[in-house]
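One structure is given below, encoded as structure tokens.
Side chains included, hydrogens not; waters and symmetry mates left out as well; all remaining heavy atoms used. Owing to the predicted nature of the structure, the values given are computational and were not obtained by experimental measurement.
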Amino acid sequence: MRENRVKTIWQNGGVVVAGACALDSLYAAEVMAHEGFDALIIDTQHAAIDYKDTLAMMQVISATQSTPIVRVGWNTPNLVMRMLDAGAYGVICPMINTRADCEAFVGACLYAPRGYRSYGPIRGGFYGGPDYLDRANDTILPMIQIETAVAVERADEILSVPGLGGIYLGPGDLSITLGLDPRTQMDDTRLWRAIERVLASCVRNKVLPGLYTPNAAWARRAIDLGARLITAGADVGFIRAGAQQSLAAFRAIAG
């Protein structure tokens, strides 16, 4: 089966640098894939990306070394299984607040006897290889989002679920549940104490500690606390930042 580079980098002690795809554009996904990100996260939770978009985006990503990861919209087994069957090597599930939530999600990612995933890997089998069924349980990366104050309190019991591969902590939603404004208070010590607590739990439970990092300073601080998967940005953000920079330069020239 094709290697999951995210797991390899993490297990070798490295840090995974991921990018995100939030545009329903194959061309944008292809451009992102060829930039050299270790993984690309296709966001079907908040972005206008449907199943057909996602499958096609994974096809263009598969021409590169980037590992395809999909964030689903909710903890719904058929959504999880369809993304894996389409070729996702990792699935991120939002708003996991209890051990039972986590067990249901992980079970949908794994074949029996470790889970209850239905067999029918359509494109996943082509992408993964002829031994997909034999090795999928050990290669696929089930990831959850710890993004509420309740989940932080229950981190150890949630992250100790057998088969869980990692987390992708959501600081925006977490800040809201801590009574903070994610637009202005992302550096508040209450948020960072919660992040530190969850990342430490990841280390104890031997799961990949990952999180959304809105900027480079955030990424540096997160790595110092133990994070081993960070995000360098999303396609739409890169377009906006590049457009703003160029526009400012040309406005200055134009007077």
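In terms of heavy atoms, T44 sits closest to G73 at OG1-N, 4.0 Å. Counting all heavy atoms, side chain and backbone alike, I49 lies closest to A22 at CD1-C, 4.0 Å. Across all non-hydrogen atoms, the minimal contact from L23 to A28 is CD1-CB, 4.2 Å. Here the closest heavy-atom approach between residue I146 and residue L169 is recorded as O-CG, 3.4 Å. When all heavy atoms are compared, the tightest approach of A136 to Y111 is CB-CE1, 3.9 Å. The two atoms that bring P171 and L191 nearest to each other are O-CD1, 4.0 Å, heavy atoms only.
Two residues are said to be in side-chain contact when any heavy atoms from C-beta on lie closer than 4.5 Å; Q145 and C93 fail this criterion. Contact annotation: the side chain of M143 never approaches that of R71 to less than 4.5 Å [non-hydrogen atoms, C-beta and beyond]. Taking the side chain as every heavy atom from C-beta outward, C109 and R117 never approach each other to under 4.5 Å. Taking 4.5 Å as the limit, some side-chain heavy atom of V15 sits within range of a side-chain heavy atom of I230. Using a 4.5 Å heavy-atom threshold, the side chains of V72 and P94 count as touching. Side-chain contact between I9 and R228 is absent, with no heavy atoms from C-beta onward closer than 4.5 Å. At least one side-chain heavy atom of P214 sits less than 4.5 Å from a side-chain heavy atom of Y212. Proximity of I42 to D53: side-chain heavy atoms (C-beta onward) are nowhere separated by under 4.5 Å.
A side-chain donor from one of S201 and N205 sits under 3.5 Å from a side-chain acceptor of the other. Donor-acceptor pairing under 3.5 Å is recorded for the side chains of T148 and N97. Judged purely by distance below 3.5 Å, without hydrogens or angles, the side chains of S62 and R123 pair a donor atom with an acceptor atom.
Here the options are L164, V161, I144, L141, the test is side-chain contact (heavy atoms from CB on, under 4.5 Å), and the partner is V207; only L164 passes.
In this structure, the side chain of T213 engages the main chain of T231 through a donor-acceptor pair within 3.5 Å. Under the 3.5 Å distance criterion, the side-chain polar atoms of N4 are matched with a main-chain donor or acceptor of T139. Panel note: side chain D85, backbone I122; no donor-acceptor pair is recorded below 3.5 Å. Proximity of a side-chain donor or acceptor of D131 to a complementary backbone N or O of D134 within less than 3.5 Å is not detected. No donor-acceptor distance shorter than 3.5 angstrom exists from the side chain of N12 to the backbone of G14, with no hydrogens or angles considered. With hydrogens and angles disregarded, a donor-acceptor distance shorter than 3.5 Å links the side chain of T98 to the backbone of D101.
Taking hydrophobic clusters as Ile, Leu, Val, Met, Phe, Trp and Tyr residues chained together by side-chain heavy-atom distances below 4.5 Å, V198 shares a cluster with I96. Cluster membership check: L26 shares its hydrophobic cluster with M83, using side-chain heavy-atom separations under 4.5 Å among Ile, Leu, Val, Met, Phe, Trp and Tyr. Y127 and L133 fall within the same hydrophobic cluster, where Ile, Leu, Val, Met, Phe, Trp and Tyr residues are linked whenever their side-chain heavy atoms come under 4.5 Å apart, directly or through other members. The cluster map of Ile, Leu, Val, Met, Phe, Trp and Tyr, joined by side-chain heavy atoms under 4.5 Å apart, puts L40 and I69 in different clusters. Two different hydrophobic clusters hold M95 and Y168 under the rule that ILVMFWY side chains link at heavy-atom gaps under 4.5 Å.
Other residues, nucleotides and ligands contribute more than 12 heavy atoms inside 6.0 Å of the CD atom of Q59. Counting non-hydrogen atoms of other residues, nucleotides and ligands closer than 6.0 Å to OH of Y116 gives a total above 12. A 6.0 Å sphere centred on CZ of R82 holds no more than 12 heavy atoms belonging to other residues, nucleotides or ligands. At most 12 heavy atoms of other shown residues, nucleotides or ligands fall within 6.0 angstrom of atom CZ in R240.
Using a cut-off of 4.0 Å between Lys/Arg side-chain N and Asp/Glu carboxylate O, K52 and D50 are scored as not salt-bridged. Residues K7 and D138 are not paired through a salt bridge, judged by the lack of any N-O separation under 4.0 Å between the basic side chain and the carboxylate.
Note: Q245 CD to F250 CZ = 11.0 Å, rounded to the nearest 0.5 Å. Taken from OH in Y89 to CE in M58, the straight-line distance is 11.5 Å, to the nearest 0.5 Å. Here Y132 contributes atom OH and Y119 contributes atom OH; the two are 9.0 Å apart, rounded to the nearest 0.5 Å. The line from CD1 of I239 to OG of S25 is 8.0 Å long, rounded to the nearest 0.5 Å. A distance of 13.0 Å separates CZ of R5 from CZ of F37, quoted to the nearest 0.5 Å. Taking CZ from R193 and CG from L225, the interatomic distance works out to 13.0 Å, rounded to the nearest 0.5 Å.
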Requested in this report: Evaluate the criterion side chain to side chain donor-acceptor pair (under 3.5 Å) for residue pair R99 and S160; output intermediate values, then yes/no.
Outcome: CA-CA 8 Å; R99 183 179 177 89; S160 63; 2.8 Å; yes

